[in-house]
Number of protein chains: 2
Amino acid sequence: MHEKMGGVECCETTEVHENLLHIVEETMPEETELYDLAELFKVFGDSTRIRILFVLFEAEVCVFDLAEALHMTQSAISHQLRILKQNRLIKGRREGKHIFYSLADDHVRSIIAQGREHIEED
Amino acid sequence: MHEKMGGVECCETTEVHENLLHIVEETMPEETELYDLAELFKVFGDSTRIRILFVLFEAEVCVFDLAEALHMTQSAISHQLRILKQNRLIKGRREGKHIFYSLADDHVRSIIAQGREHIEED
DNA sequence: CAAACATATGAATATTTGTTCATACGATAA
DNA sequence: TTATCGTATGAACAAATATTCATATGTTTG
């Protein structure tokens with residue numbers, strides 16, 4: 001009887017499968033939200049961007065100073081700022097020739113804080 | 001006088017730079033922690049792994065059932081489980097031929113929750 | 001023991017991604 | 001306006017990564 005599932009043999013009963021599939025169907029976010037979530041965390045998944053965020057934790061800083069503080073090219077920083085801005089992690093404010101960047105909201109702080117907590121476990 | 005900074009001309013005074021560099025030096029985590037942080041978030045930065053985690057939010061599940069629930073190859077799932085396990089986001093428990101996977105701790109839940117909150121802003 | 005099942009893993013491939021280089025854009029000052 | 005400064009951006013290249021395929025490992029059953 002079990003072999004009639006199309007070769008599927010894993011686990012004891014088919015009930016478990018149906019139950020799981022049902023629960024997954026109910027609680028799994030929509031395809032677009034899953035994609036956006038992954039996209040968001042991808043932004044945090046680069047040490048250069050993380051370092052930029054740590055600087056912006058302390059002050060509102062222009063591109064040039066960010067580049068200097070992190071010992072990186074203005075272009076490299078600018079490219080990363082663009083990604084951070086697109087994902088609404090930071091925002092830019094123009095003041096003459098400068099553009100000063102700062103955190104967009106406090107989720108950035110709490111997400112990174114949670115990450116640090118996880119890492120600092122033994 | 002400003003030109004003597006080695007061509008550096010940005011921003012009004014050199015004080016700002018020194019101040020920023022000092023603050024950054026004080027508050028920036030160590031190189032290894034920054035790398036580990038980025039590495040952790042990189043793990044969340046893939047929709048397949050996110051989907052696996054959402055399944056494990058609901059139940060302890062074996063590899064085969066995960067593959068079935070997510071309509072993916074056993075091999076693809078296994079590769080991703082390895083990454084999740086290496087970063088201590090999940091843990092495996094052997095029971096006969098099966099290996100049941102579950103969340104390692106609650107940081108996983110809260111990190112993803114924070115991510116969803118950020119996304120669900122207008 | 002051999003056979004079957006559940007899972008893991010190495011190699012190969014296609015795609016994604018971060019940095020560099022050159023250049024363009026926008027604002028200000030002369 | 002022209003020159004200069006601060007920033008943005010497109011193309012190119014190298015490095016990282018997710019999936020597939022084939023195969024190996026480990027466990028149970030006959």
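To find a chain, count down the sequence lines: A is the first, B the second, and so on, and within it residues start at 1. It should be emphasised that the depicted structure is a prediction, and the values quoted were computed from it without experimental measurement.
- Taken residue by residue, residues 71-78 of chain B places heavy atoms nearer than 4.0 Å to DNA chain C at B/Q74, B/S75, B/S78.
- The CZ-P distance, from A/R82 to C/dT20, rounds to 17 Å in whole Å.
- Atoms CG (B/L84) and P (D/dA18) sit 10 Å apart, rounded to a whole Å.
- Distance CD (A/E68) to P (D/dG6): 11 Å, rounded to an integer number of Å.
- With sequence neighbours excluded, no residue forms a side chain to side chain donor-acceptor pair (under 3.5 Å) with B/Q74.
- Rounded to an integer number of Å, the gap from B/H98 NE2 to D/dG26 P is 18 Å.
- Taking every heavy atom of both residues into account, B/R109 and B/F57 meet most closely at NH2-O, 2.6 Å.
- Among residues two or more places apart in sequence or in another chain, the side chain to side chain contact (heavy atoms under 4.5 Å, CB included) test is passed with A/A76 by A/M72, A/T73.
- One finds the CZ atom of A/F44 at 4.0 Å from the CD1 atom of A/I111 (value rounded to the nearest 0.5 Å).
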Distance-only criterion, 3.5 Å: show the donor-acceptor pairs between side-chain atoms of residues 27-40 of chain B and protein atoms not counting sequence neighbours.
{"residue": "B/T27", "atom": "OG1", "partner": "B/I23", "partner atom": "O", "Å": "3.1"}
{"residue": "B/E33", "atom": "OE2", "partner": "A/R116", "partner atom": "NE", "Å": "2.8"}
{"residue": "B/E33", "atom": "OE2", "partner": "A/R116", "partner atom": "NH2", "Å": "3.3"}

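- Shown here are the side chain to side chain contact (heavy atoms under 4.5 Å, CB included) partners of A/Q86, two or more places apart in sequence or in another chain: A/R82.
- The separation between A/L81 atom CG and D/dT9 atom P is 11 Å, rounded to whole Å.
- Contact between the side-chain N/O atoms of B/Y101 and the OP1/OP2 oxygens of C/dA8 is found at a separation under 4.0 Å.
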Applying side-chain contact (heavy atoms from CB on, under 4.5 Å) to B/E121 and A/D105, what does each step give before you reach the verdict? CA-CA 11 Å; B/E121 285 171 353; A/D105 64 64; 3.5 Å; yes
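- In this model, a side-chain donor or acceptor of A/H79 finds a partner on the base of C/dT20 within 3.5 Å.
- Among residues two or more places apart in sequence or in another chain, the ring pair (Phe, Tyr, Trp, His ring centres under 6.0 Å) test is passed with A/Y101 by none.
- The CZ atom of B/F54 sits 12.0 Å away from the CG atom of B/L70 when rounded to the nearest 0.5 Å.
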With side-chain contact (heavy atoms from CB on, under 4.5 Å) as the criterion, how do A/H22 and A/E26 come out once you've worked through the C-alpha distance, each side chain's angles and the decisive distance to 0.1 Å? CA-CA 6 Å; A/H22 191 243; A/E26 268 187 343; 3.8 Å; yes
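- When the side chain to side chain donor-acceptor pair (under 3.5 Å) test is applied to A/S78, no partner is found at least two apart in sequence or on another chain.
- Of the side-chain N and O atoms in A/Q80, one or more sit less than 4.0 angstrom from OP1 or OP2 of C/dT19.
- Taking five base pairs at each end of the helix from C/dC1-D/dG30 to C/dA30-D/dT1 and finding the rotation axis that steps the C1' atoms of four pairs onto the next four gives two axes whose angle is 10°, to the nearest 10°.
- With rounding to whole Å, B/I99 atom CD1 is found 12 Å from C/dA6 atom P.
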Could you list all N or O pairs between the protein and nucleotides 26-30 of chain C that sit under 3.5 Å apart?
none

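- The backbone N or O of B/L89 lies less than 3.5 Å from no partner atom in the side chain of B/N87, so there is not a single donor-acceptor pair.
- Residues passing the salt bridge (Lys or Arg N to Asp or Glu O under 4.0 Å) test with B/E60 are B/R93, sequence neighbours excluded.
- Straight-line distance from the CZ atom of B/F100 to the P atom of C/dT7: 8 Å, rounded to whole Å.
- Of all the residues in residues 39-49 of chain B, not one reaches under 4.0 Å from DNA chain C with any non-hydrogen atom.
- Applying the side-chain hydrogen bond (donor to acceptor under 3.5 Å, both in side chains) test to pairs two or more places apart or on separate chains, those with a residue in residues 45-58 of chain B are B/R49-B/Q80.
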